[in-house]
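Residue numbers start at 1 and run along the sequence shown. Both counts, for ligands and for their atoms, begin at 1 and track the order of listing.
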Amino acid sequence: MRGRAAVVTWSPSVTLVPTRGCFNRCDYCGFRLSPDPRDPLADALGDRQALALLGSRPQALEVLLLSGEVPPASAHRTAWFARLVALSRLALAQGRLPHTNAGPLSRTEMARLGRLNPSLGLMLEGLGPAYDALHRQAPSKRLEQRLAQLEQAGRLGVPFTTGLLLGVGESRQDQRDALELIALLHASWGHVQEVILQPFRPAGAEGLPLPAATCESLLELIAEARRILPPEVHLQLPPNLWPLEHLVAALEAGIDDLGGIDTVDVINPAYPQPTAGALAEHLAAAGWELRPRLCVHPAWIAQLPAALRARAEAMAQRLGRGG
Ligand code: SF4
């Protein structure tokens, strides 16, 4: 017996990229573009392009704003942040809910976005020498800064998504230590709604299969994460980065969420997204129900600012009715 309902959730999502320009240079990144020093926001997503993308995904309730980062002291930071605010407002005006993941934010920026976004996200990624090596040229990926962001979100009462990038050469102890830090922060603030366990997948023209030994090791880690993190913290696995034939094993180990699913994964475009229909069919054959959710999980809706709460409650009710 599983001891819990055989339900796994996902969020119908559309991704908007405010800019790919990023001052970090993470070794593994296939997403970033080098910003033009004269005009770092030359590629910034305008409202018209954003509306076209939103219109092409009418079923998406979540608008994931995934952005390259502008340094805190940059003269362009204000314009960059104004884009995040404008795109969040646009999402709301279209009857969707924004969820922004744009790197570390100042307290004022996070508070402001937290009034427009029912949830915000920032990957912790991990700790230890393997991550230090990958982030040599990524100033905003310092562990202390990421942990401070999680704490800041907790103090502000913002429902938060974080996660680990797994399989970059870290040890099992590194993985445990990272999960325990997240558990500790959640124990203080109760705001970590989900932890993404993201297998690292190499960029390239075509996706590579996940080696069997890596898959086995990640299944053990999922079970360990389920033991370390309290039960209200959802465990998420991106289904395009994981073999479909082992998906049920991942759910049995503790995964209960498949995250936001758009038609393309803009970070890992070589790994095609399965459709919700294909996933639902596969999972139903093993006795699991795939259920849609909002970007904010139900248990965190009550703590949202009043306007966002009313909107999320109404949308959650419609989802519950299958609308
Ligand atoms: S911070 Fe994100 S976008 Fe920037 S280089 Fe690193 S992974 Fe790429």
Side-chain angles (χ1 to χ4, degrees), residues 13-37 39-45 50 63-74 76-77 79-81 83-84 87 98-106 109-110 113 117 119-150 152-153 160-170 174 178 195-205 207 236 238 240-241 259-260 262 264-271:
S13 170
V14 54
T15 306
L16 301 183
V17 176
T19 175
R20 284 180 185 251
C22 186
F23 81 111
N24 287 322
R25 286 175 184 270
C26 303
D27 274 12
Y28 48 79
C29 183
F31 170 88
R32 83 178 281 281
L33 293 176
S34 288
D36 176 342
D39 184 6
L41 295 175
D43 75 325
L45 186 77
V63 177
L64 172 62
L65 298 178
L66 204 55
S67 183
E69 299 180 26
V70 171
S74 164
H76 301 279
R77 178 87 182 183
W80 171 79
F81 186 72
R83 260 307 61 212
L84 299 181
L87 290 169
H99 171 98
T100 298
N101 184 334
L105 300 167
S106 72
E109 289 169 345
M110 190 182 277
L113 279 186
N117 288 238
S119 54
L120 296 173
L122 183 80
M123 293 286 279
L124 187 64
E125 296 205 8
L127 57 85
Y131 299 94
D132 296 343
L134 291 169
H135 295 147
R136 270 171 314 214
Q137 298 184 81
S140 89
K141 294 274 173 107
R142 284 184 306 109
L143 180 66
E144 316 81 75
Q145 186 169 12
R146 302 245 139 192
L147 291 172
Q149 285 287 299
L150 262 72
Q152 180 173 276
F160 211 73
T161 296
T162 188
L164 305 183
L165 181 65
L166 298 162
V168 298
E170 77 283 9
D174 293 337
V195 173
I196 305 169
L197 299 177
Q198 179 175 336
F200 167 70
R201 309 302 299 118
Q236 184 183 119
N240 62 318
L241 307 181
D262 191 357
V264 179
D265 176 347
V266 299
I267 301 287
N268 299 285
Y271 297 84

query: Do we see a donor-acceptor contact under 3.5 Å between the side chains of Ser74 and Trp80?
result: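 Their side chains do not contain a donor-acceptor pair, so the 3.5 Å distance test is not met.
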Distance filter under 2.8 Å, centred on atom 6 (Fe) of ligand 1 - protein N, O or S atoms that pass it: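 Listed by chain and number, the atoms are Cys26 SG.
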field: Passing option when Arg20 is tested against Leu66, Leu45, Asp43 for side-chain contact (heavy atoms from CB on, under 4.5 Å)
entry: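 The option that passes is Asp43.
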Backbone of [Y] reached by a side-chain donor or acceptor of [X] within 3.5 Å:
X      : Y      : answer
Gln152 : Leu105 : yes
Glu109 : Ser106 : yes
Asn117 : Leu120 : no

Step-by-step side chain to side chain contact (heavy atoms under 4.5 Å, CB included) determination, Arg83 to Leu41: CA-CA 10 Å; Arg83 260 307 61 212; Leu41 295 175; 5.7 Å; no
